[in-house]
Amino acid sequence: MKKISRRNFLKVSGAMAAAGALAACGGSGASTPAASGAASTSTAASAAAAGEDKFASLGDFTMTVGHAQPEGNPRFVSMEQFAADVAEATNGHVKIEVYGNGQLGTEKEMLEQVVAGTVQGMRGGQFDFSPRLLMFTLPFLTNTRAQVTALLQSDLAQKVCAEAEGETGTVIINLCDAGGYRQFSNSKHPIKAPADLKGLKMRTNGMKTIDMTFQAMGATTTTIPYSDLYMGLKTGVADGQENPWVNAHVR
């Protein structure tokens, strides 16, 4: 099978209801990709029998898409659903192979692969290649999730995404939040006020805006990839971390 190009991917994904799952927004994971064989086979057979396979002229394409989240995480689940939706909508002609749990590398490394054309998509941040997107990570921009959604769907957001496409040659299908407002946790003491961060070594994902926010509150920062975060906390490389609750296991 031949690989689909980034431009063809844009054309195909434009028809998908779940296209927003591949958004630029960063345990155990499957060692093999998730795909939607059963759904695509039955749909393709039905369409062929009815003589209505309008996607037949596409040929057959396989797309490789990566993300950093572990099995069971909503992002992992949504990407499996995205693969199934694409297969169904294209009568099985487009197959999505999804590699989660950082199998293809860090979010930065996956983005580099997308820009180079060695993989066809990733779900995660594009901040290293499109730093203007960092404006959406500034602290205290919004008070509600509805305001977050409105901001990320605004004309400003669309303009920044278009700029990123022109600079990198990649297409940002949609902007979304990364699982809700981010929360702090650490192994030293409760954090009830900004002053409680003073002296803590906090893990960050390398975003300059997040680093500067922690430093302004008196903490020091260390960059650790999400896939290495648990070990970094266990070994004391960092005292704490910040992530939305959806990315943390609370006991």
(request) Determine, step by step, whether N101 and S227 satisfy the side-chain contact (heavy atoms from CB on, under 4.5 Å) criterion, reporting the C-alpha distance in whole Å, the side-chain angles of both residues, the deciding distance to 0.1 Å, and the verdict. (result) CA-CA 7 Å; N101 204 31; S227 57; 5.7 Å; no
(message) Determine whether L197 and M202 satisfy the following criterion, side-chain contact (heavy atoms from CB on, under 4.5 Å), listing intermediate values before the conclusion.
(response) CA-CA 9 Å; L197 285 162; M202 299 295 290; 4.3 Å; yes
(request) Please step through side-chain contact (heavy atoms from CB on, under 4.5 Å) for the pair I224 and N205, ending with a clear verdict. (result) CA-CA 6 Å; I224 302 175; N205 56 9; over 6 Å; no
(request) Tell me, with the steps shown, if I172 and E165 meet side-chain contact (heavy atoms from CB on, under 4.5 Å). (result) CA-CA 7 Å; I172 299 177; E165 179 179 346; over 6 Å; no
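Atom CD of E80 and atom CD1 of I96 lie 13.0 Å apart (nearest 0.5 Å). Summarising the geometry, atom CD belonging to E97 is positioned 9.5 Å from atom CD belonging to Q120; distances are rounded to the nearest 0.5 Å. For the atom pair M207 CE and L134 CG, the distance stands at 7.0 Å (nearest 0.5 Å). Atoms NZ and CG, on K95 and D60 in that order, are 10.5 Å from each other to the nearest 0.5 Å. Interatomic distance, CG of D196 versus NZ of K198, reported as 11.5 Å (0.5 Å rounding).
Minimum heavy-atom separation, P225 to T106: CB-CG2, 4.0 Å. Annotation for L111 and F129: closest pair CD2-CD1, 3.6 Å, computed over non-hydrogen atoms. Taking both residues in full, the closest heavy atoms of G121 and V114 are given as C-CG2, 3.7 Å, listed atom of the first, atom of the second, then distance. When all heavy atoms are compared, the tightest approach of Y226 to A68 is CD2-O, 3.8 Å. In terms of heavy-atom proximity, Q113 sits nearest to L104 at NE2-O, 2.7 Å.
At most 12 non-hydrogen atoms from other residues, nucleotides or ligands lie less than 6.0 angstrom from CE of M212.
No option in H67, R123, Q69 other than R123 meets the side chain to side chain donor-acceptor pair (under 3.5 Å) test with S78. Here the options are T213, D211, T209, T222, the test is side chain to side chain donor-acceptor pair (under 3.5 Å), and the partner is T204; only D211 passes.
The six-membered or imidazole ring of F127 lies away from that of F136, with a centre-to-centre distance of 6.0 Å or more.
Using modelled atom types, one finds a donor on one side chain and an acceptor on the other under 3.5 Å when comparing Q215 with T221. Between S185 and Q241, the side chains place a donor N or O and an acceptor N or O closer than 3.5 Å (distance only, hydrogens not considered). In summary, the side chains of D239 and S187 do not present any donor paired with an acceptor at a separation below 3.5 Å, with no hydrogens or angles considered. Side-chain atoms of Y181 and T142 form a donor-acceptor pair, as typed in the model, at a separation below 3.5 Å.
Within the 4.5 Å cutoff, no side-chain heavy atoms of T64 are placed close to those of V98. No side-chain heavy atom of P194 sits less than 4.5 Å from a side-chain heavy atom of F214. Between E163 and R132 there is a side-chain heavy-atom pair separated by less than 4.5 Å. The closest side-chain heavy-atom distance from S130 to V160 is not below 4.5 Å. In this structure the side chain of L229 reaches within 4.5 angstrom of the side chain of R203, judged on heavy atoms. Counting only heavy atoms from C-beta outward, the side chains of V94 and M63 approach each other to under 4.5 Å. Using a 4.5 Å cut-off on side-chain heavy atoms (C-beta onward), L152 and N174 make no contact. A 4.5 Å side-chain heavy-atom check between I210 and E242 finds at least one atom pair inside the cut-off.
Grouping the Ile, Leu, Val, Met, Phe, Trp and Tyr side chains by contacts below 4.5 angstrom, directly or via other members, places V148 apart from V246. Under the 4.5 Å side-chain heavy-atom criterion for Ile, Leu, Val, Met, Phe, Trp and Tyr, L133 and L138 are members of the same hydrophobic cluster. Cluster membership check: L200 does not share its hydrophobic cluster with L233, using side-chain heavy-atom separations under 4.5 Å among Ile, Leu, Val, Met, Phe, Trp and Tyr. Taken together through direct or relayed side-chain contacts under 4.5 Å among Ile, Leu, Val, Met, Phe, Trp and Tyr, V77 and V65 form parts of separate hydrophobic clusters.
Between R75 and E107 a salt bridge is recorded (basic side-chain N to carboxylate O distance below 4.0 Å).
In this structure, N186 contributes its side chain and H189 its backbone to a donor-acceptor pair below 3.5 Å. Here the side chain of Q103 pairs a donor or acceptor atom with the backbone of G100 at under 3.5 angstrom.
Residues in residues 145-157 take part in these side chain to side chain donor-acceptor pair (under 3.5 Å) pairs, two or more places apart or across chains: R145-D177.
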